[in-house]
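Report on the following structure.
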Amino acid sequence: MIAFLLKRTANAAFVMLAVALLAFVIFRFFGDPVEMMVNEQATLQDRVELRERLGLNDSFVVQYTRFVTNAVQGDFGISYRNQQDVMVLIKDRFPATFELVLVATVISLVVGIPAGVITAVYRDSRLANILQLSSIVGVSLPSFVVGILLILAFSVSLGWLPAFGRGETVDIGWWSSGLLTPSGRAALILPAISLSTFQVTLVMRLVRAEMLETLRADYIKFARARGVPTARVQWRHALRNCLMPVITLTGMQIGNLIAFALVTETVFQWPGMGMLFIQAVTFVDIPVMAAYLMIVSFIFVVLNTLVDITYAWVDPRLRDDTARANG
Amino acid sequence: MEKTLPVPARTTLRNRLDKLRESDVWYSFRSHPSAIFAAGLLILVALTAFLAPWITPQNPYDLAALELWNSEIPPIWNEARQWPYILGTDTQGRDILSAVLYGSRISLIIGFASVLLALCVGLALGLMAGYFGGWIDNVIMRVGDVLLSMPFILIAILITAIASASLPTGLKDILAAPILIFAIAVPSWVQYARTVRASAMVEAKKEYVQAAKLIRVKSWRIMLQHILPNCMTPIMVAATLNFGLAILSEATLSFLGVGMPPDQPSLGTLIRIGNQYLFSGLWWIVVFPSIQLCLIVLSVNMIGDWLRDALNPKLR
């Protein structure tokens, strides 16, 4: 187990170093950092000094090492666009994205699990067929289209819910939360639904497949033979055994949701990390782009590694298999 | 008595068609109404998209054809309608139906080309990794690991952003489509490579491959003629589903403003443009491209789902 743990951690570290290399190459070679930072009046002398001060004359390896060392300490440099510390910018925006992703995840579980159970238990009934059909429609709907249609329906036509912004927020330390005010909660509804559409169908399909498998198991037959009510067998005994893969999927998808939140945030003008990133892309603000890439990849890699380790811990057979599949 | 070996039938087009008609896949296709519906829809969309120059009332890219007094006309079922603008016009007098059909053409081409590119690269690298093993395998698969550890959409955005930041303005618009194709292909080849690598590793150890090596058949010939055909089934399913994903990705990138420019709009660009008029009551500018995009992706996904079940030996 310890060998497996070390192997997975080393693998994760390797991947992060590679991502950092990519981010560093982007940072260093696309657009000259000096040209981005000086103003129009700067003399050649100023530029040479700045170049020296930023350490851009050092060798590639030295610069890369410094980049990684700084990144590990949360220092991603200064934004070209508004001269602020990149980490501060991201810290300001992180709560908005996190709350959006959290609520979208909750929606996906609350809607996806029952829908999955129903499609499995009442297979070929009309309700199940409708749910099945809407799941394939849900996979095919781009999240920005869902967002736009929701805005058209609930903001433009009905005027029930706000179409952009975060509403009022309450500061708890450095964390600004929109969950505690009525306007904050109202503003969260449409973006969260739009972000969760794809995830709902994913959870639903997984639960359905797992349930179909589990319902055939002997212990289910035995429970029924013993006279346990059908609904109790289905929703308690069978469903419980389907939840482990759902938790895994949810964990692994959080990284994807954070990345995909940038699309939702653009549609709803949601002041999160994703919008910061898209604005950085428009202004070629490379330090912000590099920081976002590294932070999202880091969350992604950490979650995947945790999931792998948990699985290996629960099921010893996987230790060997996973190690073989990876190496 | 002389033994006669059965003569293999010549593979003419005709007996290929006969073979197809007797196959399980064709039978499964005929008995799935949703697959027939999706295929019909996709053919319709593709035909109208590629015949767009001959069937649309207007060339939406020809600025001279746009008349400003024809702008903001609502769809045909509205009071203020005007023939031939069935789906209305936008704020510059561009016919929405024409724009949607031309846009579909761009979306379909980019989606198809990026799947093709990813497929070629993925199959080649996967075959090499599985067949040769060793450090080649290590390098290819590690690069794949790194790509898979970053969200798909993020890689595509970064590539388009870097490409457009480092190209001069004039060139940027001309190269928009190739850049998108490349940006979508880069994160998607890994899936094909992994699938093929697994089969190639198994096949490479089999006796017939050893025998072929012994008589000095060239490596690439063994890979392409003997190993590749054995892993085409999962590849075909993945490619179909990825075609839908590629069209979605292209639309997302264009919607975010890092894809096709407004003077050669794909469906995503059209939705991006229409999104600006969301609050001015001009709903048709955004709704019709959105519907078209959803129909295309839906039909591709339905075909992909059907194909996965039809080719799955466990479900036969």
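Chain letters run A, B, ... following the sequence lines, proteins first and then strands; every chain starts at 1.
- No side-chain heavy atom of B:Tyr277 sits under 4.5 Å from any side-chain heavy atom of B:Val286.
- No side-chain heavy atom of A:Met289 sits less than 4.5 Å from a side-chain heavy atom of A:Leu293.
- When each of B:Gly268, B:Ala251, B:Pro289 is checked for heavy-atom pairs under 4.5 Å with chain A, B:Ala251 comes out on top.
- With a 4.5 Å cut-off on non-hydrogen atoms, B:Leu245 does not touch chain A at all.
- In terms of heavy-atom pairs under 4.5 Å with chain A, the best-connected choice from B:Val287, B:Leu248, B:Leu154 is B:Leu154.
- Both the backbone and the side chain of A:Ile136 come within less than 4.5 Å of a heavy atom in chain B.
- Put simply, the side chain of A:Met252 reaches to within 4.5 Å of the side chain of A:Asn304, judged on heavy atoms.
- In terms of non-hydrogen atom pairs under 4.5 Å with chain B, the most contact-rich of A:Ile151, A:Val267, A:Leu141 is A:Ile151.
- Between B:Cys294 and B:Leu298 the shortest side-chain heavy-atom distance does not fall below 4.5 Å.
- Neither the backbone nor the side chain of B:Val143 comes within contact range of chain A; no heavy atoms are under 4.5 Å apart.
- Looking at A:Thr119, its side chain does come within 3.5 Å of a backbone N or O of A:Gly116 through a donor-acceptor pair.
- Between A:Phe144 and B:Phe255, the ring planes lie parallel to each other; the angle is under 30°, not in the 30° to 60° tilted range.
- Taking the side chain as every heavy atom from C-beta outward, A:Phe260 and B:Pro151 never approach each other to under 4.5 Å.
- Note: A:Ile148 leads A:Val15, A:Ile148, A:Asn256, A:Thr266 in heavy-atom pairs under 4.5 Å with chain B.
- The part of B:Ile153 that comes within reach of chain A is its side chain, from C-beta onward, which places non-hydrogen atoms under 4.5 angstrom from that chain.
- Using a 4.5 Å cut-off between heavy atoms, A:Val296 contacts chain B through its side chain alone, with no backbone atom that close.
- Of the listed residues (B:Leu147, B:Asp305, B:Leu148, B:Asp137), the one with the most heavy-atom contacts under 4.5 Å to chain A is B:Asp305.
- Inter-residue side-chain proximity for B:Ser107 and B:Glu250 is flagged as met; some heavy-atom pair is nearer than 4.5 Å.
- Contact of the A:Leu22 side chain with the B:Met150 side chain is registered, since non-hydrogen atoms from C-beta on lie closer than 4.5 Å.
- Only the side chain of A:Val145 comes within less than 4.5 Å of a heavy atom in chain B; its backbone stays farther off.
- The pair A:Lys7-A:Asp308 does not count as a salt bridge, with every side-chain nitrogen at least 4.0 angstrom from each carboxylate oxygen.
- When heavy atoms are compared at a cutoff of 4.5 Å, B:Met141 does not approach chain A at all.
- Proximity to chain B (any heavy atom under 4.5 Å) is restricted, for A:Phe14, to the side chain, taken from C-beta onward.
- If you measure heavy-atom distances from B:Ile155 to chain A, you find no contacts under 4.5 Å at all.
- There is no contact between A:Ile258 and chain B, counting heavy-atom distances below 4.5 Å.
- Interface remark: B:Val258 contributes side-chain atoms only to the contact with chain A (heavy atom separation under 4.5 Å).
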